[in-house]
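In this chain, numbering begins with 1 at the start of the sequence shown. Counting starts at 1 for both ligands and their atoms, in listed order. Atoms considered below: every heavy atom in the structure, side chains included; atoms not considered: hydrogens, waters and symmetry mates.
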Amino acid sequence: MDPGVICFQHCGPKVFCFSLPEYCPICENDLSIANFSLLPFRVPYPFIRASQYPCAVVIKPTTGDFLNDYYNSMDLHIGVTTSTGTIVEFDKNGLRRHRMGQWDQCLLLDQAPSPWVEHWDNTLLQICKQKCWSPKSYNEEKHNCYSFVLTFLVSLNYGSLSKAASSKTVFCEKFIVPRTTSAGKYISLYRKLKEFGFYIHKPGCK
Ligand SMILES: [Zn+2]
């Protein structure tokens, strides 16, 4: 899934690309004998596969994936994973559990450490038993994926995560916006590379 974005610095600004070119796109010198001012390194891929993160809160675009389809935080869908990495989500189809599928390119909002595992699973089970998570009671504005996850998190009583979960606005501010902002930088870089092959970052420019 990781497209493998590389960053290096040779004669000036940082250069981003998918694979190291033969010649520097700025000074056109041969890079195989070059002295780099910043050695090529892989830019960290910000996304995760939800099933590999037990007891986690994850988000992804409602349709498509982050790299190709994401434009703003209005289009996000939220879910949680169990201690075995099963994804639990609530949407117009009601409550669903699955092992794989469309949760392979997510942002991790938070993950509970191992002492919390049992409490996490038990609390999730209790919330899932509530009758209000049926397809019939789903409402895109008022009773949606956030309602389910935030209800669970409040009931979990897990530090600052649960505290923030009592207000959707606070939760978005503290847990979603910082992640989508930093992922947004990677996404726009990825799209530039897809279009132009490489990208030269001039300090002070966007
Ligand atoms: Zn150069």
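Here the side chains of T180 and Y70 are in contact, with some heavy-atom distance below 4.5 Å.
Two rings, from Y138 and F90, have their centers less than 6.0 Å apart. Taking the six-membered ring wherever Trp is involved, the centroid distance between the rings of F47 and F66 falls below 6.0 Å.
Ring geometry for W103 against H77 counts as tilted: the plane angle lies between 30° and 60°, on a 0 to 90° scale.
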Verdict with reasoning, C106 to Y53, per side-chain contact (heavy atoms from CB on, under 4.5 Å): CA-CA 11 Å; C106 307; Y53 287 77; over 6 Å; no

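Checked by atom type and distance alone, the side chain of H143 pairs as donor or acceptor with a backbone atom of C132 at under 3.5 Å.
For a distance threshold of 2.8 Å, the protein N, O or S atoms nearer than that to the Zn ion (ligand 1), listed by chain and number, are H10 ND1, C11 SG, C24 SG, C27 SG.
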